[in-house]
Amino acid sequence: MPGTSLYSFPRKPLHDWSLTPEQAVALQRELAPRVERHDRLDDVEWIAGMDIGFEDEGATTRAAVVLLHWPDLTPVDEIVHREPTRMPYLPGLLSFREIPAALSAFARLSRRPDLVMVDGQGIAHPRRLGIAAHLGLWLDLPTLGVAKKRLCGRHGEVPAARGEWTALSDKRRDEDPGDAPVDASGRVIIGALLRSRQNVKPVIVSPGHRLSLATALDWTIACLGRTKLPEPTRLADRIASRRGSRFVEPGGSRL
DNA sequence: GCGACAG
DNA sequence: ATCTTGTCGC
């Protein structure tokens with residue numbers, strides 16, 4: 001039944017995806033104010049992890065979404081969607097390169113998640129619209145970003161013990177809401193560097209859509225196993241990057 | 001003007 | 001992100 005997906009995202013298109021870098025930046029400035037913030041996130045039962053990988057020297061984009069059940073963190077669904085890559089990677093415009101494929105993957109998910117963890121920044125972005133925040137607007141769901149590297153902002157040292165974190169702050173921007181949390185120096189707090197594993201390089205957690213930094217940190221820590229990345233993102237990462245258990249094509253299975 | 005720069 | 005071998009550590 002083409003066109004009859006049980007879960008079609010989104011209900012309302014935010015825009016098409018053929019944009020010049022200049023138009024993309026203008027769009028981010030327009031969308032950033034729509035990102036919502038909440039202190040609580042209740043009734044979470046299904047958590048999704050999303051990540052993107054590439055094949056054919058970048059010609060093909062591979063989106064992976066994993067759905068886990070809370071609180072046991074058992075994977076109950078895994079989707080991999082491939083499509084032609086539409087634009088190159090440009091710092092600050094990552095979402096325009098990766099979200100289209102991600103949406104197609106989410107559309108095939110068996111259930112609508114209550115929270116989505118994305119490999120990348122949430123609002124810890126120059127215009128406060130990293131891929132996690134942008135995806136949250138499209139899916140109309142709570143999202144948070146867990147990145148391995150920093151895009152913008154400053155921070156101090158992070159204690160070496162697991163669970164410790166330090167705020168990531170940035171100079172106030174036009175996109176920041178008037179009530180945005182700030183530190184003692186008046187700098188806007190856009191995320192945090194979390195020590196997810198003892199003596200291991202910290203991950204960068206930032207709220208995406210519909211949750212606060214405190215809540216984003218709570219859920220990230222709650223989904224932590226013994227590895228550096230929280231389970232949702234770690235599993236999506238494995239699938240999207242070709243690693244994991246992928247000896248699934250012994251010379252007999254076609255289709 | 002000189003770096004920095006998610007994936 | 002991706003290309004790549006061995007290697008250090010729990």
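- Under 4.0 angstrom from either OP1 or OP2 of C/dA1 there lies at least one side-chain N or O belonging to A/Lys148.
- When heavy atoms are screened at a 4.0 angstrom cut-off, A/Gly58 is found touching no nucleic acid atom at all.
- Judged by distance alone, with hydrogens and angles left aside, the side-chain atoms of A/Thr166 form no donor-acceptor pair with the main-chain N or O of A/Leu193 at under 3.5 Å.
- The minimum heavy-atom distance between A/Pro126 and A/Glu175, with the atom names listed, is O-OE1, 4.3 Å.
- Partner A/Arg210 forms a salt bridge (charged side-chain N to carboxylate O under 4.0 Å, His left out) with one of A/Asp114, A/Asp140, A/Asp42 and no other, that one being A/Asp140.
- Between A/Asp237 and A/Lys148, at least one side-chain N (NZ, or NE/NH1/NH2) sits under 4.0 Å from a carboxylate O, which counts as a salt bridge.
- If you measure from atom NE2 of A/His125 to atom P of B/dA4, you get 19 Å, rounded to the nearest angstrom.
- Minimum heavy-atom separation, A/Leu211 to A/Ala216: CD1-CB, 3.9 Å.
- Among B/dC5, B/dG7, C/dT2, the nucleotide with an atom closest to any side-chain atom of A/Ser241 is C/dT2.
- Per the stacking criterion (ring centres < 5.5 Å, plane angle < 30°), A/Tyr89 stacks onto the base of B/dG7.
- As judged by a 4.0 angstrom heavy-atom cut-off over every strand, A/Leu90 is placed among residues making no nucleic acid contact.
- Computed from coordinates, the A/Leu93 CG to B/dA6 C1' distance equals 11 Å when rounded to whole Å.
- Put simply, CZ on A/Arg97 is 19 Å from P on B/dC5, counting in whole angstrom units.
- Nucleic acid contact for A/Gly53: sugar-phosphate only, since backbone atoms but no base atoms lie under 4.0 Å from a heavy atom of the residue.
- One atom, CZ of A/Phe54, and another, C1' of C/dA1, lie 6 Å apart when rounded to the nearest Å.
- No engagement by A/Leu129 is indicated, since no non-hydrogen atom pair under 4.0 Å with the nucleic acid exists.
- When the side-chain nitrogen and oxygen atoms of A/Ser95 are compared with OP1 and OP2 of B/dA6, none of them lie within a distance under 4.0 Å.
- As judged by a 4.0 angstrom heavy-atom cut-off over every strand, A/Arg150 is placed among residues touching the sugar-phosphate backbone only.
- The distance between atom CD1 of A/Ile52 and atom C1' of C/dA1, rounded to the nearest whole Å, is 11 Å.
- Between the CG atom of A/Asn199 and the C1' atom of C/dC8 there is a distance of 14 Å, given to the nearest Å.
- Screening A/Arg150, A/Arg128, A/Arg127 for a salt bridge (charged side-chain N to carboxylate O under 4.0 Å, His left out) involving A/Asp170 leaves a single residue, A/Arg128.
- Remark: P of B/dG7 and CD of A/Glu98 are 9 Å apart, rounded to the nearest angstrom.
- Both A/Arg197 and A/Asp51 lie close to DNA chain C; mapped to their nearest nucleotides by heavy-atom distance, the more 5′-ward contact belongs to A/Asp51.
- Between B/dG7 and A/Arg62, no contact under 4.0 Å exists linking OP1 or OP2 to a side-chain N or O.
- With A/Leu68 as reference, A/Glu231 is the one residue of A/Glu45, A/Met117, A/Glu78, A/Glu231 to meet the side chain to side chain contact (heavy atoms under 4.5 Å, CB included) rule.
- Taken together, the pairs of DNA chain C form no segment extending over three or more consecutive Watson-Crick or G-U pairs closer than 3.5 Å at both contacts.
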- prompt: Step by step, would you call A/Leu168 with A/Ser206 a side-chain contact (heavy atoms from CB on, under 4.5 Å)?
  reply: CA-CA 9 Å; A/Leu168 175 64; A/Ser206 61; over 6 Å; no

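- Judged by distance alone, with hydrogens and angles left aside, the side-chain atoms of A/Thr74 form no donor-acceptor pair with the main-chain N or O of A/His69 at under 3.5 Å.
- If you take CD of A/Gln121 and C1' of B/dA6, they are 5 Å apart, rounded to a whole angstrom.
- Smallest separation of non-hydrogen atoms from A/Val35 and A/Ala133: CG2-CB, 4.2 Å.
- Stem regions for DNA chain B, meaning three or more consecutive Watson-Crick or G-U pairs with both distances under 3.5 Å, do not exist: the list is none.
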